[in-house]
Amino acid sequence: MDEIVKITFVRESVEAETRRGTQLSDVMRGAGIPLEMPCNGMGVCGKCLVRVRGKSDEKSVQACTFLVMEDVRVLTPPPKGESLPVDRGRRVEFEADGGVVGTGVAVDLGTTVFSVCLVSGAGETLAKASCLNPQTEYSGDVLTRAGWCRGRPDHLEKLRRLAVEALNGLIDDMLASATADRNTIHRVAVAGNTVMQHIFAGVDPTPLTHFPFRPVFEGPLDVPVRDLRVGSDVRVSLLPCISAFIGGDIVAGVIASGFASTEKNGLFIDIGTNGEIVLRLNGKMYGTSTAAGPALEGMNISCGVRAVPGAVERAFVDERGELAFRTIGNEPPVGICGSGLIDLTAALLRMGILDETGFLKGCPGGKYHLTEDIFLSQKDFRQIQLAKGAIAAGIKILLEAAGGVYGTLDSVDIAGAFGFHLNFESLRAIGLIDEAFQGEVRFAGNTSLEGATLWLLSRKIRDEMVSVARLIEPVELSGRTDFQNAFVRELNFPR
């Protein structure tokens, strides 16, 4: 049996247990301890530096490279304004219905990207994996996919099988990485938007495409395993949805981030292909969703890539007034991911190369080159405008519908697969967040996957998610002239 060691996080008053030889950053993530790691765990940026005290010595180490070999006490840096909620440090364990404790698979069933996590019964992350959603071959947005299924059960089955086959590959990769046995998988939890969850369940999603926009099911829902490569007695659960356009990924997010448990006024924004927004105002919660498109995730962009080594993830104007950028892992640039795209837009606005209408000035061929091969085109900036305009307009209309204004908000929680890597000042510079907001900003990362993980581990948290899904009041934007007007206004960047 692997030796178990104990880690005490002094500042957070949190204790965790793990197998000897586990990477400290994995323990911190599992315990909900905030961790800044912009180099994606490559050990080059030094942002995850902590003090570790063992039996005989004390030293500064990088959490992404340090292996825990004995009981240690860890002192993290003082929390900054942009930190995760402390209450995410709760420790939960599998509550197996039949007394069987094994592993579980958490799934973020994204419109553009699938992310999965293999979790032990003690709540330890054993492996992670991700891939492009193969359904993007048919359309980049879920409503088009849903419409493609209208009257065609074979089309629905095609999309369902694409999702399942992709997940099978990711599960195989994780099991191999963790040297884990498929037969130990006890539960699978799936969080996605409402259309994606319908397709995964093999349920006709076309009622979600037209009035009155009612889901066939809101859940939670256990679905047959069918051709998912896990044991035949494994429970596969879809998380509860709120409405046709606010899915289980958002329910997972507001629980995992701690947003649902606070009493303060604030916004929860999941930046992805669908810009989903939840507003907490005076003790009530309201939710909506906008069709942002995949541009802010690096998709539909000339040189856009996912957050892989070599992707441009940071850009800024240096002391000489020139553009500088950084890639993931400091590798030679291979493309631009979502966080880099937002930074580049903000930097070019600051430099006057991009104007408030989104026009790219003084660039031959309508392209701004970072290198000979990597560039942003005029068309790319139009895609960025459409995405940021949809999200910014959705926020404004949600606030108006609830009788609130930006100035009354205490906090903004920003989630999404690349949430930890975003720069808030860049979000403000491009106008996605209004300058009137002066509260606390917290970057929460992939809360959909984190929430699906919590669903695996705790019956109490599953009950919380069901309750929260019923409490969030949906605000439908489709057909609202005030939303269309706000969207047109928000297409421009701030002056």
Side-chain angles (χ1 to χ4, degrees), residues 37-42 44-45 110-113 115 130-133 136 140 271-273 275 292-318 322-355 358-391 414 416-432 443 445-446 493:
M37 204 164 61
C39 73
N40 203 32
M42 302 295 291
V44 296
C45 72
T111 303
T112 305
V113 175
S115 297
S130 64
C131 71
L132 185 69
N133 181 344
T136 57
I271 298 178
T273 308
L296 297 183
E297 294 182 287
M299 302 293 110
N300 285 1
I301 299 296
S302 301
C303 298
V305 295
R306 293 169 54 212
V308 297
V312 174
E313 65 162 352
R314 278 280 184 267
F316 53 92
V317 181
D318 65 18
E322 298 178 357
L323 183 78
F325 64 85
R326 187 176 70 210
T327 65
I328 294 176
N330 290 330
E331 295 286 331
V334 297
I336 307 167
C337 67
S339 59
L341 192 66
I342 293 170
D343 272 2
L344 283 165
T345 304
L348 294 179
L349 284 167
R350 202 168 291 127
M351 297 168 70
I353 295 173
L354 192 68
D355 71 16
F359 178 67
L360 194 58
K361 299 186 291 185
C363 296
K367 296 178 180 179
Y368 181 87
H369 281 264
L370 280 74
T371 69
E372 184 178 350
D373 300 320
I374 298 174
F375 62 87
L376 287 170
S377 70
Q378 184 65 73
K379 181 181 177 182
D380 294 335
F381 288 110
R382 297 306 182 207
Q383 291 291 317
I384 296 165
Q385 285 179 276
L386 291 171
K388 88 92 184 173
I391 296 172
I414 298 175
F418 59 101
F420 282 125
H421 302 276
L422 292 174
N423 182 321
F424 176 70
E425 290 308 318
S426 294
L427 291 174
R428 195 197 296 273
I430 71 172
L432 195 147
F443 291 103
N446 190 344
F493 296 115

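Note that the structure is predicted; figures quoted are calculated from it, not measured.
Side-chain contact between Thr112 and Leu132: present, with at least one pair of heavy atoms (C-beta onward) separated by less than 4.5 Å. Looking only at side-chain heavy atoms (C-beta outward), Leu360 and Ile353 come within less than 4.5 Å of each other. Put simply, the side chain of Leu323 reaches to within 4.5 Å of the side chain of Leu344, judged on heavy atoms. Under the 4.5 Å side-chain criterion, counting only non-hydrogen atoms from C-beta, Pro294 is not in contact with Thr111. Side-chain contact between Ser115 and Asn446 is present, with heavy atoms from C-beta onward closer than 4.5 Å.
Judged by distance alone, with hydrogens and angles left aside, the side-chain atoms of Lys361 form no donor-acceptor pair with the main-chain N or O of Asp355 at under 3.5 Å.
The OG atom of Ser302 sits 8.5 Å away from atom CD1 of Ile336, with the distance rounded to the nearest 0.5 Å. If you take SG on Cys131 and CZ on Arg306, they are separated by 7.0 Å, rounding to the nearest 0.5 Å. Residue Phe493 holds its CZ atom at 6.5 Å from CD1 of Ile430, rounded to the nearest 0.5 Å. How far CD of Glu313 is from CG of Asn423: 11.0 Å, rounded to the nearest 0.5 Å. Here the straight-line distance linking atom OG of Ser339 with atom CG of Leu296 works out to 11.0 Å at 0.5 Å rounding. One distance of note links CZ of Phe381 with SG of Cys363; it measures 8.0 Å at 0.5 Å rounding.
Partners of Glu372 under the salt bridge (Lys or Arg N to Asp or Glu O under 4.0 Å) rule, at least two apart in sequence or in another chain, do not exist in this structure. In terms of the side chain to side chain donor-acceptor pair (under 3.5 Å) criterion, residue partners of Arg382 (sequence neighbours excluded) are, by chain and number, Gln385.
Closest approach of Ile342 and Ser426 over heavy atoms only: CG2-CB, 3.8 Å. Of all heavy-atom pairs spanning Cys303 and Ile374, the tightest one is SG-CA, 3.8 Å. Residue Gly335 comes nearest to Val305 through the heavy atom pair C-CG2, 3.7 Å, listed as atom of the first residue, atom of the second, then distance. Contact between Ile391 and Gly275 at its shortest, heavy atoms only, is CG1-CA, 4.1 Å. Shortest non-hydrogen contact noted between Ala292 and Ala390 is CA-CB, 4.2 Å. Nearest heavy-atom pair, Thr371 versus Pro333, reported as atom, atom and distance to 0.1 Å: CG2-CG, 3.8 Å.
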Problem - Test log, rule side-chain contact (heavy atoms from CB on, under 4.5 Å), inputs Leu376 and Leu341 - result: CA-CA 9 Å; Leu376 287 170; Leu341 192 66; 3.4 Å; yes

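The side chain to side chain contact (heavy atoms under 4.5 Å, CB included) test with Leu348 singles out one residue from Asp343, Leu354, Val317, and that residue is Leu354.
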